[in-house]
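Only a predicted model underlies this, so the values are computations on that prediction, with no experimental measurement involved. Scope of the values below: all heavy atoms of this structure, side chains included, with no hydrogens, waters or symmetry mates.
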Amino acid sequence: GATLGGAGSINADVINNVNAEGPKAIAYDVEFLQRTKPQEDTALINAVAKAGPNKVVLADSQPNERGESGVFGGEDLLDQIGARGGNSQIGEDADGVRRRVPYEVGGLETFPIVAAEVASGEEITTEDMGGPTAWIDYAGGPGTYPSLPFSRALNGSFEPGTFKDKIVVIGASLPSLKDIAP
């Protein structure tokens, strides 16, 4: 995931706007591992807490040696506000193509697995996946899933019901950040 420091209140506004629509899950593929301005950090943490328990998944590419997320300072605060961290480093094959998703990396469940658990309300196990990795079931190429510019989510410039009952993934879409991959 991308790292975006210092814009906590902007990200809080996006979470609040999306959550008001009633999504199944908000998967925020931006890392919040460093403290920024206390007021902005507090706004972001409060927005995640307000979204409700088991609603928001936050990206973390650097779990500690015990496989714990460092988002917002660590698992204790994530547990308090009902959010979950997921490892955003799912890797790729030697030829640069992503064909499989691992269950966990560095002891932390991967971001897509946690997002699926949050959206479904069900725990996913390696047995459910048929092993430590599973094939990615690609539904289609670019444009298969609708997208919306961040600015429109921030400003509330979207049709009512846009995010209702959806898994909403928020993050960068830059090839240089490997957020778009073959």
Side-chain angles (χ1 to χ4, degrees), residues 1-4 7 10-11 13-32 48 51-52 54-61 63 69 71 83-106 108-182:
T3 301
L4 185 62
I10 291 171
N11 290 290
D13 289 345
V14 169
I15 289 172
N16 288 330
N17 289 344
V18 169
N19 189 56
E21 293 276 297
K24 287 183 182 178
I26 301 171
Y28 221 97
D29 192 10
V30 174
E31 292 186 344
F32 301 107
V48 172
N54 297 313
K55 178 68 78 77
V56 180
V57 180
L58 300 160
D60 185 343
S61 64
S69 176
V71 173
R84 293 190 53 198
N87 197 325
S88 56
Q89 299 300 306
I90 66 169
E92 53 196 33
D93 293 349
D95 61 359
V97 177
R98 292 182 181 160
R99 293 181 181 91
R100 298 184 73 84
V101 63
Y103 179 78
E104 59 88 19
V105 174
L108 182 63
E109 281 183 51
T110 56
F111 186 75
I113 298 298
V114 177
E117 287 180 334
V118 167
S120 69
E122 302 284 330
E123 180 182 356
I124 297 171
T125 66
T126 54
E127 290 78 26
D128 295 331
M129 292 177 51
T133 67
W135 288 103
I136 296 171
D137 185 10
Y138 286 100
T144 299
Y145 296 102
S147 64
L148 184 80
F150 185 87
S151 61
R152 289 186 49 203
L154 175 63
N155 297 328
S157 304
F158 49 83
E159 292 292 320
T162 296
F163 304 119
K164 183 163 181 53
D165 296 325
K166 302 282 192 306
I167 299 171
V168 180
V169 180
I170 301 168
S173 56
L174 298 170
S176 62
L177 294 175
K178 295 197 173 189
D179 285 303
I180 295 176

Donor-acceptor under 3.5 Å ([X] side chain, [Y] main chain):
X    : Y    : result
T110 : P102 : yes
Y103 : E127 : no
N17  : L154 : yes
D60  : G85  : no
R152 : F158 : no
N19  : I15  : no
Q89  : S61  : no

Set out, in order, the CA-CA distance, both residues' side-chain angles and the distance that settles side-chain contact (heavy atoms from CB on, under 4.5 Å) for V71 and E31, then state yes or no. CA-CA 7 Å; V71 173; E31 292 186 344; over 6 Å; no
Would T162 and E21 count as having a side-chain donor-acceptor pair, cut-off 3.5 Å? no
Can you name the nearest heavy-atom pair linking [X] to [Y], along with the distance?
X    : Y    : answer
D93  : R99  : OD2-NH1, 2.6 Å
P132 : T126 : CA-CG2, 4.3 Å
V56  : L58  : CG1-CD2, 3.8 Å
L148 : A153 : CD2-N, 4.0 Å
V105 : N87  : O-ND2, 2.9 Å
Y145 : A139 : OH-CB, 3.4 Å

Once you round to the nearest 0.5 Å, how far does CG of L108 lie from CD1 of I113? 11.5 Å
CD/E109 to CD/E117 distance, rounded to the nearest 0.5 angstrom? 4.0 Å
Is there a side-chain contact (heavy atoms from CB on, under 4.5 Å) between V48 and Y28 once you walk through the steps? CA-CA 10 Å; V48 172; Y28 221 97; over 6 Å; no
Could you check if a side-chain atom of [X] sits within less than 4.5 angstrom of a side-chain atom of [Y], using non-hydrogen atoms only?
X    : Y    : answer
F111 : D29  : yes
E122 : D128 : no
K55  : P23  : yes

Heavy-atom neighbours of K24 NZ exceed 12 at 6.0 Å: no
After noting the C-alpha distance and the side-chain angles of F150 and N11, does the key distance pass the side-chain contact (heavy atoms from CB on, under 4.5 Å) rule? CA-CA 10 Å; F150 185 87; N11 290 290; 3.7 Å; yes
